[in-house]
**Student:** 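Submitted below is the structure of interest, expressed as structure tokens.
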Amino acid sequence: QVQLVESGGGLVQPGGSLRLSCAASGSIFSINGMGWYRQAPGKQRELVAHIASDGSTSYRDSVKGRFIISRDNARNTVYLQMNSLKPEDTAVYSCNARLHMYGGTVYNDYWGQGTQVTVSS
């Protein structure tokens with residue numbers, strides 16, 4: 001039904017930058033909130049950043065001032081600009097979207113497959 005596809009991950013040196021993208025496709029009526037999560041080996045998945053339908057954003061403390069989340073509603077896409085990357089940012093990053101499909105009456109959560117971000121020299 002709905003597919004979320006992430007892109008932009010890769011290997012980057014400490015202090016470098018990456019820009020992640022996640023595009024949602026399918027019979028989407030509307031998208032409410034969108035967010036980025038990450039999971040490092042041996043760690044639980046954690047919320048990195050979230051952006052609501054009204055554009056309001058939130059970030060976990062460890063990325064504040066370094067990461068910026070944004071969305072393009074016309075393209076059903078959410079972005080995560082990551083600056084001043086640190087080795088501790090290494091993880092699989094996954095996007096999430098709460099959306100309403102045609103024919104549905106409620107919002108449901110959908111997840112992408114994830115993209116690897118590795119910060120290392």
Side-chain angles (χ1 to χ4, degrees):
Q1 290 186 320
V2 173
Q3 185 176 18
L4 274 60
V5 180
E6 300 104 332
S7 62
L11 175 64
V12 65
Q13 297 182 106
S17 298
L18 285 174
R19 184 173 185 255
L20 305 183
S21 300
C22 175
S25 62
S27 300
I28 300 171
F29 180 76
S30 63
I31 299 179
N32 200 348
M34 304 184 78
W36 286 97
Y37 294 74
R38 67 186 182 188
Q39 186 169 27
K43 304 292 185 179
Q44 294 190 105
R45 185 168 62 186
E46 62 185 21
L47 175 66
V48 178
H50 180 267
I51 183 166
S53 59
D54 65 358
S56 61
T57 60
S58 61
Y59 302 88
R60 71 180 302 105
D61 288 343
S62 62
V63 308
K64 288 180 179 177
R66 299 190 297 122
F67 291 9
I68 301 172
I69 188 170
S70 61
R71 63 190 289 173
D72 184 340
N73 292 332
R75 297 174 58 185
N76 293 148
T77 300
V78 62
Y79 305 93
L80 185 67
Q81 178 66 47
M82 304 185 294
N83 302 313
S84 302
L85 283 162
K86 305 174 180 179
E88 64 189 43
D89 295 318
T90 296
V92 174
Y93 285 70
S94 302
C95 68
N96 165 271
R98 179 163 293 182
L99 56 84
H100 185 185
M101 295 183 65
Y102 284 107
T105 58
V106 298
Y107 287 93
N108 292 302
D109 287 328
Y110 295 86
W111 293 87
Q113 292 298 111
T115 184
Q116 177 70 47
V117 172
T118 302
V119 185
S120 176
S121 58

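Everything quoted here is computed from the prediction, not taken from an experiment.
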**Student:** Considering all heavy atoms of both residues, which atom of His100 and which atom of Val106 are nearest to each other, and what is their separation?
**Tutor:**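 That would be CD2-O, 3.6 Å.
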**Student:** Do Tyr110 and Val48 share a hydrophobic cluster (ILVMFWY, side-chain heavy atoms under 4.5 Å, transitive)?
**Tutor:** yes
**Student:** Please enumerate all residues that pass salt bridge (Lys or Arg N to Asp or Glu O under 4.0 Å) together with Arg19, with sequence neighbours excluded.
**Tutor:**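 Scan of Arg19 (salt bridge (Lys or Arg N to Asp or Glu O under 4.0 Å), adjacent residues dropped) gives none.
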**Student:** Taking side chain as C-beta onward, heavy atoms only, is Leu20 less than 4.5 Å from Met82?
**Tutor:**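 Heavy-atom side-chain distance check passes, below 4.5 Å.
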**Student:** Would you say Val117 and Leu18 make side-chain contact, with heavy atoms under 4.5 Å?
**Tutor:** yes
**Student:** Kindly give the heavy-atom pair with the smallest separation between Asp109 and Asn96, and that separation in Å.
**Tutor:**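 Taking every non-hydrogen atom into account, CB-ND2, 3.7 Å.
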**Student:** Decide side-chain hydrogen bond (donor to acceptor under 3.5 Å, both in side chains) for Thr77 and Asp72; before the verdict, give the C-alpha distance in whole Å, the side-chain angles of both, and the deciding distance to 0.1 Å.
**Tutor:** CA-CA 5 Å; Thr77 300; Asp72 184 340; over 6 Å; no
**Student:** Compare every heavy atom of Asn83 with every heavy atom of Ser17, then report the nearest pair and how far apart it is.
**Tutor:** OG-OD1, 2.9 Å
**Student:** Which heavy-atom pair separates Ala40 from Ala91 by the least distance, and what is that distance?
**Tutor:** N-CB, 3.8 Å
**Student:** Between Arg66 and Ser84, is there a donor-acceptor pair closer than 3.5 Å when you use the side chain of the first and the backbone of the second?
**Tutor:**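 Yes; at least one donor-acceptor contact below 3.5 Å.
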**Student:** Please determine whether a side-chain nitrogen of the Lys or Arg among Lys64 and Asp61 lies less than 4.0 Å from a carboxylate oxygen of the Asp or Glu.
**Tutor:**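 So Lys64 pairs with Asp61 through a salt bridge.
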**Student:** Linking I/L/V/M/F/W/Y whenever any side-chain heavy atoms sit under 4.5 Å apart, do Leu80 and Ile68 land together?
**Tutor:** yes
**Student:** Assess the side chains of Tyr93 and Arg38: does a donor N or O sit below 3.5 Å from an acceptor N or O?
**Tutor:** yes
**Student:** Are Tyr37 and Val119 in one and the same hydrophobic cluster, where Ile, Leu, Val, Met, Phe, Trp and Tyr link if side-chain heavy atoms are under 4.5 Å apart?
**Tutor:**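 Shared cluster, no.
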**Student:** Just so I know, are the side chains of Glu6 and Trp36 near enough to count as touching, which here means a heavy-atom distance under 4.5 Å?
**Tutor:** yes
**Student:** Determine whether Tyr107 and Ile31 make a side-chain contact, defined as any pair of heavy atoms from C-beta on separated by less than 4.5 Å.
**Tutor:** no
**Student:** Taking atom CE of Met34 and atom SG of Cys22, what is their separation to the nearest 0.5 Å?
**Tutor:**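 That separation rounds to 5.5 Å.
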**Student:** Looking at every heavy atom in both Ala49 and Leu47, which two are closest together, and how far apart are they?
**Tutor:** O-CD1, 3.5 Å
**Student:** Kindly check if the number of other-residue, nucleotide or ligand heavy atoms within 6.0 Å of CD (Gln13) is above 12?
**Tutor:**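 No, the 6.0 Å shell around CD holds no more than 12 heavy atoms from other groups.
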**Student:** What's the spacing between Ser58 OG and His50 NE2 if we round to 0.5 Å?
**Tutor:**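 Rounded to the nearest 0.5 Å, the OG-NE2 separation comes out at 6.5 Å.
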**Student:** Rounded to the nearest 0.5 Å, how far apart are CD of Gln113 and OG of Ser94?
**Tutor:**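 Here the interatomic distance stands at 8.0 Å.
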**Student:** Could you tell me if the side chain of Leu99 sits less than 4.5 Å from the side chain of Asn32, heavy atoms only?
**Tutor:**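 Asn32 does not reach Leu99 side chain to side chain.
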**Student:** Would you say Tyr79 and Tyr59 are hydrophobically clustered, going by side-chain heavy atoms of ILVMFWY under 4.5 Å?
**Tutor:** no
**Student:** Is the closest side-chain heavy-atom distance between Ser120 and Leu11 below 4.5 Å?
**Tutor:**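 Of all side-chain heavy-atom pairs linking Leu11 with Ser120, at least one is under 4.5 Å.
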**Student:** Counting neighbours of CD on Gln116 that are heavy atoms of other residues, nucleotides or ligands and sit closer than 6.0 Å, is the number greater than 12?
**Tutor:**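 More than 12 heavy atoms, drawn from other residues, nucleotides or ligands, come within 6.0 Å of this atom.
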**Student:** Is the shortest heavy-atom distance from the side chain of Arg60 to the side chain of Glu46 under 4.5 Å?
**Tutor:**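 Arg60 vs Glu46: side chains touch.
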**Student:** If you compare all heavy atoms of Pro14 against all heavy atoms of Ser121, which two are closest, and at what distance to 0.1 Å?
**Tutor:** CD-N, 3.7 Å
**Student:** First locate atom CG of Leu85, then atom CZ of Phe67, and finally report the distance between them rounded to the nearest 0.5 Å.
**Tutor:**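 Output value for this atom pair is 5.0 Å.
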**Student:** Would a single hydrophobic cluster contain both Val92 and Leu4, if residues Ile, Leu, Val, Met, Phe, Trp and Tyr are joined by side-chain heavy-atom contacts under 4.5 Å?
**Tutor:** no
**Student:** Are Arg71 and Asn73 close enough that a side-chain donor and a side-chain acceptor fall under 3.5 Å?
**Tutor:** yes
**Student:** Less than 4.5 Å apart, any side-chain heavy atom of Ile28 and any of Asn76?
**Tutor:**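 Ile28 reaches Asn76 side chain to side chain.
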